[in-house]
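Note on naming: letters A, B, ... go to the chains in the order of the sequence lines (proteins, then strands), and numbering restarts at 1 for each one.
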There are 2 protein chains.
Amino acid sequence: MKLTKTSEYALRILSFMARKPEELYPARHLVEQLKISDKYLRRLMTDLSKAGFIRSIKGREGGYVFAKNISEIHLSQIIDAVEGMEKYMGCVLGFGECSDDNPCVMHESWLPMREKLMNVLNNKTLADFNYNKINKY
Amino acid sequence: MKLTKTSEYALRILSFMARKPEELYPARHLVEQLKISDKYLRRLMTDLSKAGFIRSIKGREGGYVFAKNISEIHLSQIIDAVEGMEKYMGCVLGFGECSDDNPCVMHESWLPMREKLMNVLNNKTLADFNYNKINKY
DNA sequence: ATTAAATGCTACAAGATTGTGGCATAAAAT
DNA sequence: ATTTTATGCCACAATCTTGTAGCATTTAAT
Ligand code: SF4
Ligand code: SF4
(Lines give C-alpha, C1' and ligand atoms only; values in the text may rest on other atoms or scores of the structure.)
(Ligands and ions follow the chains in the order given, each with its own letter.)
Protein backbone atom coordinates (compact mmCIF):
# COMPACT_ATOMS: atom_id res chain seq x y z
CA MET A 1 0.00 0.00 0.00
CA LYS A 2 1.55 3.15 -1.15
CA LEU A 3 0.72 6.75 -1.67
CA THR A 4 3.17 8.77 -3.69
CA LYS A 5 5.81 10.72 -1.84
CA THR A 6 3.99 13.88 -2.69
CA SER A 7 0.88 12.71 -0.85
CA GLU A 8 3.00 11.37 1.96
CA TYR A 9 4.53 14.78 2.38
CA ALA A 10 1.21 16.58 2.30
CA LEU A 11 -0.20 14.32 4.99
CA ARG A 12 2.96 14.58 7.02
CA ILE A 13 2.90 18.34 6.93
CA LEU A 14 -0.77 18.83 7.67
CA SER A 15 -0.96 16.18 10.35
CA PHE A 16 2.02 17.79 11.99
CA MET A 17 0.43 21.21 11.88
CA ALA A 18 -2.83 19.77 13.12
CA ARG A 19 -1.28 19.00 16.48
CA LYS A 20 -1.36 22.71 17.25
CA PRO A 21 -3.89 23.97 14.76
CA GLU A 22 -3.80 27.61 15.80
CA GLU A 23 -0.11 28.09 15.40
CA LEU A 24 1.68 29.77 12.54
CA TYR A 25 4.27 27.61 10.85
CA PRO A 26 7.05 29.14 8.78
CA ALA A 27 8.36 26.86 6.05
CA ARG A 28 11.78 26.82 7.68
CA HIS A 29 10.28 25.30 10.79
CA LEU A 30 8.41 22.60 8.90
CA VAL A 31 11.44 21.75 6.84
CA GLU A 32 13.55 21.25 9.93
CA GLN A 33 10.99 19.12 11.70
CA LEU A 34 9.76 17.04 8.82
CA LYS A 35 12.84 16.56 6.71
CA ILE A 36 11.37 17.61 3.42
CA SER A 37 13.43 19.75 1.08
CA ASP A 38 12.72 23.44 1.35
CA LYS A 39 11.74 24.11 -2.22
CA TYR A 40 9.58 21.08 -2.65
CA LEU A 41 7.78 21.69 0.58
CA ARG A 42 6.98 25.22 -0.42
CA ARG A 43 5.68 24.07 -3.74
CA LEU A 44 3.33 21.75 -1.92
CA MET A 45 2.30 24.48 0.47
CA THR A 46 1.21 26.53 -2.49
CA ASP A 47 -1.02 23.70 -3.67
CA LEU A 48 -2.44 23.31 -0.21
CA SER A 49 -3.13 27.03 -0.04
CA LYS A 50 -4.87 27.03 -3.37
CA ALA A 51 -7.01 24.18 -2.14
CA GLY A 52 -8.03 26.39 0.77
CA PHE A 53 -6.74 24.25 3.61
CA ILE A 54 -4.12 26.71 4.70
CA ARG A 55 -3.43 30.37 4.21
CA SER A 56 0.02 31.74 3.63
CA ILE A 57 1.24 34.92 5.23
CA LYS A 58 4.02 36.52 3.31
CA GLY A 59 6.85 38.69 4.48
CA ARG A 60 8.69 38.76 7.74
CA GLU A 61 6.92 36.86 10.51
CA GLY A 62 5.10 35.04 7.77
CA GLY A 63 4.29 31.38 7.43
CA TYR A 64 1.29 29.12 7.09
CA VAL A 65 -1.86 28.76 9.17
CA PHE A 66 -4.95 26.67 8.74
CA ALA A 67 -7.62 28.49 6.77
CA LYS A 68 -10.43 26.22 7.86
CA ASN A 69 -11.22 23.96 10.76
CA ILE A 70 -9.15 20.82 10.69
CA SER A 71 -12.28 18.75 11.17
CA GLU A 72 -13.36 19.88 7.73
CA ILE A 73 -10.25 18.69 5.97
CA HIS A 74 -10.68 15.15 4.73
CA LEU A 75 -7.74 12.99 3.81
CA SER A 76 -9.05 12.36 0.34
CA GLN A 77 -9.24 16.10 -0.23
CA ILE A 78 -5.62 16.49 0.70
CA ILE A 79 -4.51 13.82 -1.71
CA ASP A 80 -6.75 15.29 -4.35
CA ALA A 81 -5.19 18.71 -3.92
CA VAL A 82 -1.61 17.62 -4.42
CA GLU A 83 -1.84 14.91 -7.01
CA GLY A 84 -5.41 14.08 -7.82
CA MET A 85 -7.46 11.38 -6.20
CA GLU A 86 -8.44 9.77 -9.51
CA LYS A 87 -5.28 7.72 -9.61
CA TYR A 88 -6.31 5.92 -6.47
CA MET A 89 -9.88 5.37 -7.55
CA GLY A 90 -9.28 3.19 -10.54
CA CYS A 91 -9.12 -0.53 -10.90
CA VAL A 92 -6.23 -2.49 -9.39
CA LEU A 93 -5.75 -4.29 -12.62
CA GLY A 94 -5.73 -1.10 -14.58
CA PHE A 95 -9.11 -1.49 -16.19
CA GLY A 96 -11.47 1.38 -15.72
CA GLU A 97 -14.71 -0.31 -14.99
CA CYS A 98 -15.59 -1.64 -11.61
CA SER A 99 -19.09 -2.85 -11.00
CA ASP A 100 -20.94 -5.95 -9.98
CA ASP A 101 -22.22 -6.24 -13.53
CA ASN A 102 -18.83 -6.41 -15.09
CA PRO A 103 -16.52 -7.73 -12.43
CA CYS A 104 -12.94 -8.62 -13.04
CA VAL A 105 -11.48 -11.81 -11.61
CA MET A 106 -10.33 -9.96 -8.54
CA HIS A 107 -13.61 -8.34 -7.83
CA GLU A 108 -14.64 -10.30 -4.79
CA SER A 109 -11.32 -10.25 -3.08
CA TRP A 110 -10.33 -6.78 -3.85
CA LEU A 111 -13.38 -4.63 -3.79
CA PRO A 112 -14.13 -4.85 -0.05
CA MET A 113 -10.59 -3.86 0.70
CA ARG A 114 -10.71 -0.93 -1.60
CA GLU A 115 -14.01 0.21 -0.13
CA LYS A 116 -12.47 0.15 3.29
CA LEU A 117 -9.62 2.30 2.16
CA MET A 118 -11.89 4.78 0.47
CA ASN A 119 -13.92 5.00 3.65
CA VAL A 120 -10.91 5.95 5.67
CA LEU A 121 -9.77 8.51 3.15
CA ASN A 122 -13.19 10.03 2.63
CA ASN A 123 -14.41 10.06 6.20
CA LYS A 124 -11.36 10.74 8.30
CA THR A 125 -10.25 14.30 8.75
CA LEU A 126 -7.17 15.86 10.23
CA ALA A 127 -9.11 16.21 13.47
CA ASP A 128 -9.55 12.46 13.79
CA PHE A 129 -5.94 11.80 14.51
CA ASN A 130 -4.72 10.88 17.87
CA TYR A 131 -2.97 13.81 19.45
CA ASN A 132 -2.55 12.36 22.91
CA LYS A 133 0.24 9.99 22.20
CA ILE A 134 3.75 11.17 21.94
CA ASN A 135 4.78 11.20 18.33
CA LYS A 136 8.37 11.28 17.33
CA TYR A 137 9.11 13.17 14.19
CA MET B 1 -4.89 2.85 -3.47
CA LYS B 2 -2.48 2.08 -6.16
CA LEU B 3 -0.05 -0.58 -7.17
CA THR B 4 2.47 0.34 -9.81
CA LYS B 5 1.64 -0.50 -13.40
CA THR B 6 4.22 -3.22 -13.28
CA SER B 7 2.37 -4.99 -10.48
CA GLU B 8 -0.93 -4.32 -12.15
CA TYR B 9 0.35 -6.03 -15.25
CA ALA B 10 1.72 -8.99 -13.37
CA LEU B 11 -1.59 -9.55 -11.61
CA ARG B 12 -3.50 -9.03 -14.79
CA ILE B 13 -1.43 -11.58 -16.64
CA LEU B 14 -1.40 -14.26 -13.98
CA SER B 15 -5.04 -13.89 -13.04
CA PHE B 16 -5.90 -14.20 -16.70
CA MET B 17 -3.82 -17.32 -17.07
CA ALA B 18 -5.30 -18.72 -13.89
CA ARG B 19 -8.68 -19.04 -15.51
CA LYS B 20 -7.36 -22.00 -17.47
CA PRO B 21 -4.32 -22.97 -15.47
CA GLU B 22 -3.28 -25.93 -17.60
CA GLU B 23 -3.12 -24.07 -20.85
CA LEU B 24 -0.02 -22.81 -22.59
CA TYR B 25 -0.01 -19.10 -23.32
CA PRO B 26 2.23 -17.64 -25.99
CA ALA B 27 3.18 -14.02 -25.34
CA ARG B 28 1.40 -12.97 -28.50
CA HIS B 29 -1.84 -14.27 -27.15
CA LEU B 30 -1.47 -12.52 -23.82
CA VAL B 31 -0.53 -9.26 -25.48
CA GLU B 32 -3.63 -9.33 -27.62
CA GLN B 33 -5.95 -10.13 -24.78
CA LEU B 34 -4.47 -7.94 -22.09
CA LYS B 35 -3.28 -4.92 -24.01
CA ILE B 36 0.21 -4.79 -22.62
CA SER B 37 3.09 -3.99 -24.95
CA ASP B 38 4.87 -7.02 -26.28
CA LYS B 39 8.35 -6.24 -25.04
CA TYR B 40 7.35 -5.11 -21.61
CA LEU B 41 5.15 -8.12 -21.11
CA ARG B 42 7.95 -10.44 -22.02
CA ARG B 43 10.27 -8.71 -19.66
CA LEU B 44 7.77 -9.29 -16.88
CA MET B 45 7.29 -12.89 -17.91
CA THR B 46 11.00 -13.43 -17.44
CA ASP B 47 10.74 -12.10 -13.88
CA LEU B 48 7.77 -14.31 -13.22
CA SER B 49 9.65 -17.31 -14.57
CA LYS B 50 12.66 -16.60 -12.42
CA ALA B 51 10.36 -16.41 -9.41
CA GLY B 52 9.19 -19.91 -10.30
CA PHE B 53 5.52 -19.15 -10.90
CA ILE B 54 5.61 -19.96 -14.56
CA ARG B 55 7.87 -21.84 -16.89
CA SER B 56 8.72 -20.65 -20.36
CA ILE B 57 8.89 -22.94 -23.34
CA LYS B 58 11.04 -21.60 -26.10
CA GLY B 59 10.84 -22.14 -29.81
CA ARG B 60 7.92 -22.80 -32.04
CA GLU B 61 4.80 -23.82 -30.14
CA GLY B 62 6.38 -22.16 -27.15
CA GLY B 63 4.83 -19.97 -24.53
CA TYR B 64 4.27 -19.88 -20.82
CA VAL B 65 2.67 -22.36 -18.43
CA PHE B 66 2.29 -22.40 -14.68
CA ALA B 67 5.20 -24.08 -12.96
CA LYS B 68 3.37 -24.58 -9.68
CA ASN B 69 -0.16 -24.90 -8.48
CA ILE B 70 -1.99 -21.62 -8.61
CA SER B 71 -3.15 -22.13 -5.04
CA GLU B 72 0.46 -21.78 -3.99
CA ILE B 73 0.98 -18.41 -5.61
CA HIS B 74 0.18 -15.61 -3.21
CA LEU B 75 -0.50 -12.11 -4.39
CA SER B 76 2.24 -10.66 -2.25
CA GLN B 77 4.72 -13.04 -3.86
CA ILE B 78 3.75 -11.83 -7.27
CA ILE B 79 4.26 -8.21 -6.35
CA ASP B 80 7.50 -9.10 -4.66
CA ALA B 81 8.77 -10.82 -7.78
CA VAL B 82 8.23 -7.90 -10.13
CA GLU B 83 9.03 -4.89 -8.02
CA GLY B 84 9.66 -5.85 -4.44
CA MET B 85 7.08 -5.92 -1.69
CA GLU B 86 9.09 -3.69 0.65
CA LYS B 87 7.76 -0.54 -0.96
CA TYR B 88 4.27 -1.42 0.16
CA MET B 89 5.26 -2.39 3.66
CA GLY B 90 6.52 0.93 4.90
CA CYS B 91 4.81 3.77 6.66
CA VAL B 92 2.21 5.88 4.89
CA LEU B 93 3.92 9.01 6.06
CA GLY B 94 7.26 7.80 4.90
CA PHE B 95 8.75 7.19 8.30
CA GLY B 96 10.26 3.82 8.87
CA GLU B 97 9.07 2.82 12.26
CA CYS B 98 5.61 1.51 12.88
CA SER B 99 4.75 0.11 16.28
CA ASP B 100 2.38 0.73 19.13
CA ASP B 101 5.31 2.07 21.12
CA ASN B 102 6.17 4.76 18.68
CA PRO B 103 3.00 5.61 16.83
CA CYS B 104 2.69 8.42 14.34
CA VAL B 105 -0.35 10.65 14.34
CA MET B 106 -2.05 8.44 11.83
CA HIS B 107 -1.41 5.24 13.65
CA GLU B 108 -4.91 4.52 14.88
CA SER B 109 -6.67 5.40 11.68
CA TRP B 110 -4.30 3.91 9.30
CA LEU B 111 -2.88 0.77 10.76
CA PRO B 112 -6.06 -1.36 10.73
CA MET B 113 -6.56 -0.53 7.11
CA ARG B 114 -3.06 -1.45 6.22
CA GLU B 115 -3.33 -4.72 8.11
CA LYS B 116 -6.41 -5.58 6.13
CA LEU B 117 -4.61 -4.98 2.89
CA MET B 118 -1.64 -7.04 3.91
CA ASN B 119 -3.98 -9.85 4.84
CA VAL B 120 -5.48 -9.89 1.40
CA LEU B 121 -2.13 -9.78 -0.31
CA ASN B 122 -0.53 -12.40 1.92
CA ASN B 123 -3.37 -14.85 2.17
CA LYS B 124 -5.10 -14.74 -1.17
CA THR B 125 -3.70 -16.80 -3.98
CA LEU B 126 -4.43 -16.97 -7.66
CA ALA B 127 -6.76 -19.84 -6.89
CA ASP B 128 -8.98 -17.71 -4.69
CA PHE B 129 -10.34 -15.67 -7.51
CA ASN B 130 -13.78 -16.04 -8.76
CA TYR B 131 -13.74 -17.81 -12.10
CA ASN B 132 -17.46 -18.36 -12.41
CA LYS B 133 -18.44 -14.89 -13.39
CA ILE B 134 -17.97 -13.68 -16.88
CA ASN B 135 -15.00 -11.39 -17.03
CA LYS B 136 -14.46 -9.07 -19.88
CA TYR B 137 -10.88 -8.39 -20.75
C1' DA C 1 14.43 54.04 2.93
C1' DT C 2 16.88 49.95 3.85
C1' DT C 3 17.38 45.52 5.42
C1' DA C 4 15.98 41.04 6.86
C1' DA C 5 13.04 37.23 6.67
C1' DA C 6 9.52 35.24 4.79
C1' DT C 7 6.57 33.14 0.51
C1' DG C 8 5.71 32.57 -4.99
C1' DC C 9 6.96 31.22 -9.35
C1' DT C 10 9.18 29.36 -13.29
C1' DA C 11 12.35 26.75 -15.46
C1' DC C 12 15.49 23.28 -15.24
C1' DA C 13 17.94 18.78 -13.27
C1' DA C 14 17.99 14.23 -11.48
C1' DG C 15 15.84 9.84 -10.76
C1' DA C 16 12.52 6.24 -11.24
C1' DT C 17 9.27 3.92 -13.95
C1' DT C 18 7.60 2.36 -18.20
C1' DG C 19 8.10 1.35 -23.03
C1' DT C 20 10.93 0.06 -27.50
C1' DG C 21 14.34 -1.68 -30.93
C1' DG C 22 17.40 -4.98 -32.30
C1' DC C 23 19.47 -9.06 -32.19
C1' DA C 24 20.60 -13.65 -30.08
C1' DT C 25 18.82 -18.16 -28.99
C1' DA C 26 15.74 -22.18 -29.15
C1' DA C 27 12.66 -25.66 -31.02
C1' DA C 28 9.27 -27.48 -34.31
C1' DA C 29 7.77 -27.85 -39.06
C1' DT C 30 9.09 -28.29 -43.70
C1' DA D 1 19.42 -27.68 -43.51
C1' DT D 2 16.30 -23.98 -43.64
C1' DT D 3 12.50 -21.51 -42.27
C1' DT D 4 9.22 -20.09 -39.09
C1' DT D 5 7.66 -18.90 -34.72
C1' DA D 6 8.67 -18.62 -30.31
C1' DT D 7 11.39 -16.54 -25.90
C1' DG D 8 15.77 -13.88 -23.68
C1' DC D 9 18.46 -10.13 -23.13
C1' DC D 10 20.58 -5.60 -23.32
C1' DA D 11 20.78 -1.03 -24.13
C1' DC D 12 18.44 2.95 -25.09
C1' DA D 13 14.18 6.29 -25.25
C1' DA D 14 10.20 8.48 -23.36
C1' DT D 15 7.58 9.79 -19.60
C1' DC D 16 6.45 10.81 -14.90
C1' DT D 17 7.84 12.02 -10.35
C1' DT D 18 10.74 14.31 -7.29
C1' DG D 19 14.13 17.75 -6.21
C1' DT D 20 16.84 22.26 -6.99
C1' DA D 21 18.33 26.94 -8.37
C1' DG D 22 17.43 31.60 -8.93
C1' DC D 23 15.01 35.46 -8.68
C1' DA D 24 10.71 38.20 -7.75
C1' DT D 25 7.53 39.71 -4.22
C1' DT D 26 5.77 40.86 0.30
C1' DT D 27 5.93 42.55 5.05
C1' DA D 28 7.96 43.94 9.52
C1' DA D 29 11.72 45.82 11.98
C1' DT D 30 15.27 49.16 12.10
S1 SF4 E 1 -12.76 -5.18 -8.29
FE2 SF4 E 1 -11.93 -5.83 -10.24
S3 SF4 E 1 -12.96 -4.53 -11.77
FE4 SF4 E 1 -13.22 -3.58 -9.78
S5 SF4 E 1 -11.51 -2.15 -9.62
FE6 SF4 E 1 -10.89 -4.04 -8.60
S7 SF4 E 1 -9.83 -5.16 -10.19
FE8 SF4 E 1 -10.97 -3.60 -11.25
S1 SF4 F 1 0.54 3.76 11.51
FE2 SF4 F 1 1.71 5.63 11.54
S3 SF4 F 1 3.82 4.98 12.09
FE4 SF4 F 1 2.69 3.19 11.42
S5 SF4 F 1 3.15 3.02 9.26
FE6 SF4 F 1 1.23 4.11 9.43
S7 SF4 F 1 1.81 6.25 9.42
FE8 SF4 F 1 3.67 5.10 9.85
### Message
Looking at dA6(C), I'd like to know if its phosphate oxygens (OP1 or OP2) sit under 4.0 Å from a side-chain N or O belonging to Ser56(A).
### Response
no
## Note on the structure
In whole angstroms, the gap separating P of dG8(C) from CG of Leu41(A) amounts to 11 Å
### Message
Without decimals, in angstroms, what is the distance between Asp38(B) CG and dG22(C) C1'?
### Response
13 Å
### Message
Return whichever of Glu61(A) or Arg42(A) has its heavy-atom-nearest nucleotide of DNA chain D closer to the 5' end.
### Response
Arg42(A)
### Query
What is the distance, rounded to the nearest whole Å, between atom OH of Tyr40(A) and atom P of dC12(C)?
18 Å
### Task
Using modelled atom types only, decide if a donor and an acceptor are shared between the side chain of Tyr9(B) and the backbone of Leu44(B) within a distance under 3.5 Å.
no
### Query
Under a criterion of less than 4.0 angstrom to any heavy atom of chain B, what are the 5'-terminal and 3'-terminal contacting nucleotides of DNA chain D?
dT4(D) to dA11(D)
### Message
Within the 4.5 Å heavy-atom criterion, are Ile36(A) and Leu30(A) side-chain neighbours or not?
### Response
no
### Task
Specify the separation, in whole Å, of atom CG of Asp47(B) and atom P of dG19(C).
14 Å
### Message
Checking side-chain hydrogen bond (donor to acceptor under 3.5 Å, both in side chains) between Ser76(B) and each of Asn123(B), Thr125(B), Asn122(B), Asn119(B), which is the one that passes?
### Response
Asn122(B)
#### Entry: Euclidean distance, atom NZ of residue Lys58(A) to atom C1' of dT7(C) [Å, nearest integer]
6 Å
### Task
Take the protein atom CG of Leu44(B) and the nucleotide atom C1' of dT18(C), then report the distance between them rounded to whole Å.
10 Å
### Task
Have a look at Lys5(A) and say if it touches a base, only the backbone sugar-phosphate, or nothing, with a 4.0 Å heavy-atom cut-off.
sugar-phosphate
### Query
Would a hydrophobic clustering, with Ile, Leu, Val, Met, Phe, Trp and Tyr connected at side-chain separations under 4.5 Å, put Leu34(B) with Leu48(B)?
yes
### Query
What is the distance from CZ of Arg43(B) to P of dG22(C), rounded to the nearest Å?
16 Å
Enumerate, atom names and distances included, each donor-acceptor pair closer than 3.5 Å involving a side-chain atom of residues 56-70 of chain A, sequence neighbours excluded.
unit_1	atom_1	unit_2	atom_2	d
Asn69(A)	OD1	Ser71(A)	N	2.9
Asn69(A)	OD1	Ser71(A)	OG	2.7

### Residue pairs passing the side chain to side chain donor-acceptor pair (under 3.5 Å) test where at least one lies in residues 44-53 of chain A, sequence neighbours excluded
none
### Task
With heavy atoms under 4.0 Å as the rule, sort Arg28(A) into base, sugar-phosphate or nothing.
sugar-phosphate
### Query
What about Lys39(A): does its side chain form a donor-acceptor pair under 3.5 Å with the base of dG8(C)?
no
### Summary
When Lys50(A) and Arg60(A) are each assigned the nearest nucleotide of DNA chain C, the 5'-most assignment goes to Arg60(A)
### Query
Separation of Arg55(A) atom CZ from dG8(C) atom C1', in whole Å?
17 Å
### Task
Indicate yes or no: at least one non-hydrogen side-chain atom of Arg28(B) is less than 4.5 angstrom from one of Asp38(B).
no
